[in-house]
Asker: 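This is the structure, below, for whatever I ask next.
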Amino acid sequence: MAQKLPVTIAIPVKNEEINLPGCLERLGRFEQVVVIDSNSTDKTRAIAEEAGAAYLNFQWDGHYPKKRNWFLLNHAPTTPWVLFLDADEFLTDDFIAELETAIAADDIDGYWLGYTNFFQHRPLLHGVAQRKLALFRVGKALYERIEEADWSTLDMEIHEHAIVAGPVGKIGARIDHHDDRGVIKLIDRHRNYALWEASRVIALTEGPAENWDKLTDRQRTKYRNLHKWWYAWAYFIWDYVVQRGFLDGHQGFSYAFYKVWYFKTIRLLIRERLG
């Protein structure tokens, strides 16, 4: 039997009975798996416990910290590394093999990860690649602190960025990102994301200038331009034409179109609130 990898897999969830079993069944190589719930009303807890995962429930009080930082600050893993994984993200054998090599390095404290998005059961092999900094040494990183003022009821930040106190590398093998809950769930989720992102743009615009300095270059570019009329269409051209999203057929077009809808919704929300 292969040796367990010294990594805690932390999976924030809410009502994930559809995706969670497939996520958990690929995690046998890891020393610890923790499911961090938010008062699920479906079979999420039973699925987690049946799979042998540790189970925590998080009740957000409306203030910092939200879910990921709450876990890191109050239930710090005993393993050297932690990997945050969504329930609709499934590890591949290639990724696990590369991770095993990566965490053996002494000079790297965190890793950017890439994802293959699935849309309508088809992998999108082209277009803008999704990536997150979701694997890092325990004690070397926290997610960015965002002082939210009742922007939403979401107990986990959207697109929040892990700030690593040390060198950062990249794992090339991708994680499969495959949500089986359907288009309506996708629309509902991105409606909430759009409300949150519009609120963050407004907070940055109205707040002190030094808040911009805390962002990554990618975040800074995004949040300085989300309210502009051309941003959604520029993203579409970059994703669908330049990054060849058209090669993914009608699923590639539909996915790129949903991103236009998402960015235009954020713009309209900003204009509606700022006038």
Side-chain angles (χ1 to χ4, degrees), residues 12 14 38 60-69 86 88 112 115 117 119 124 127-134 142-163 177 179 181-243 245 252-275:
K14 182 173 183 178
S38 295
W60 186 43
D61 64 4
H63 303 286
Y64 179 88
K66 285 197 173 184
K67 203 169 191 175
R68 295 188 186 96
N69 277 343
D86 291 343
D88 59 2
W112 285 97
Y115 301 79
N117 286 321
F119 187 71
L124 302 180
V128 176
Q130 179 187 351
R131 65 174 197 151
K132 291 190 289 189
L133 209 171
L142 284 174
Y143 284 87
E144 58 188 319
R145 179 166 183 158
I146 301 172
E147 300 294 349
E148 177 179 317
D150 297 320
W151 296 352
S152 71
T153 60
L154 296 172
D155 67 0
M156 192 163 61
E157 305 291 17
I158 307 307
H159 308 313
E160 65 182 339
H161 175 63
I163 301 172
H177 180 206
D179 186 354
R181 293 175 299 176
V183 171
I184 292 300
K185 286 291 186 181
L186 180 144
I187 293 172
D188 287 345
R189 185 168 70 250
H190 282 83
R191 171 188 175 277
N192 290 328
Y193 292 176
L195 286 166
W196 187 93
E197 292 218 81
S199 296
R200 189 171 195 195
V201 171
I202 292 168
L204 285 166
T205 301
E206 296 179 342
E210 56 264 27
N211 286 347
W212 291 96
D213 298 333
K214 302 174 184 177
L215 304 179
T216 65
D217 290 341
R218 189 170 182 174
Q219 286 177 315
R220 198 174 296 114
T221 298
K222 176 181 178 180
Y223 289 130
R224 286 197 186 280
N225 294 294
L226 265 176
H227 68 287
K228 297 178 180 177
W229 70 267
W230 51 263
Y231 185 85
W233 300 111
Y235 186 94
F236 179 85
I237 292 170
W238 178 254
D239 180 64
Y240 191 68
V241 180
V242 178
Q243 298 296 316
F253 175 81
S254 296
Y255 192 81
F257 182 81
Y258 274 118
K259 297 295 285 189
V260 172
W261 168 83
Y262 176 65
F263 290 133
K264 285 185 68 66
T265 299
I266 295 171
R267 177 176 185 262
L268 292 174
L269 288 167
I270 293 169
R271 286 172 57 87
E272 185 176 79
R273 291 171 60 178
L274 292 182

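The residues of the chain are indexed from 1 along the displayed sequence.
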Asker: Which is it for Arg68 and Met156 under the side chain to side chain contact (heavy atoms under 4.5 Å, CB included) test, yes or no, and what are the steps along the way?
Answerer: CA-CA 7 Å; Arg68 295 188 186 96; Met156 192 163 61; 3.4 Å; yes

Asker: Within the 4.5 Å heavy-atom criterion, are Asn225 and Trp230 side-chain neighbours or not?
Answerer: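 Asn225 vs Trp230: side chains touch.
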
Asker: Using distance alone, with no hydrogens and no angle criterion, decide if Gln219 and His161 have a side-chain donor and acceptor under 3.5 Å apart.
Answerer: no

Asker: Hey, are Lys185 and Asp88 close enough for a salt bridge, meaning a charged N less than 4.0 Å from a carboxylate O?
Answerer: no

Asker: Salt bridge between Lys14 and Asp155, side-chain N to carboxylate O under 4.0 Å?
Answerer: no

Asker: Looking at Trp151, does the NZ or CZ of Arg200 lie under 6.0 angstrom from its six-membered ring centre and within 45 degrees of the ring axis?
Answerer: no

Asker: Looking at side-chain heavy atoms only, is the closest gap between His190 and Trp261 below 4.5 Å?
Answerer: yes

Asker: Can you confirm if the NZ or CZ of Arg267 lies within 45° of the ring axis of Tyr231 and under 6.0 Å from the centre of its six-membered ring?
Answerer: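 Output no; distance or angle outside limits.
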
Asker: Is there a side-chain contact between Tyr223 and Thr205, using heavy atoms and a 4.5 Å cut-off?
Answerer: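 They are not in side-chain contact.
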
Asker: Over 60° means perpendicular and under 30° means parallel, so tell me whether Phe257 and Phe253 are parallel, tilted or perpendicular.
Answerer: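 Parallel, since the angle between the ring planes stays under 30°.
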
Asker: Check whether Trp60 forms a cation-pi arrangement with Lys66 (NZ or CZ under 6.0 Å from the six-membered ring centre, at most 45° off the ring normal).
Answerer: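 Lys66 over Trp60 ring: yes.
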
Asker: Should Arg189 and Asp179 count as side-chain neighbours, where that means a heavy-atom distance under 4.5 Å?
Answerer: yes

Asker: Taking the basic N atoms (NZ, or NE/NH1/NH2) and the acidic carboxylate oxygens, is any pair closer than 4.0 Å for Asp188 and Arg191?
Answerer: no

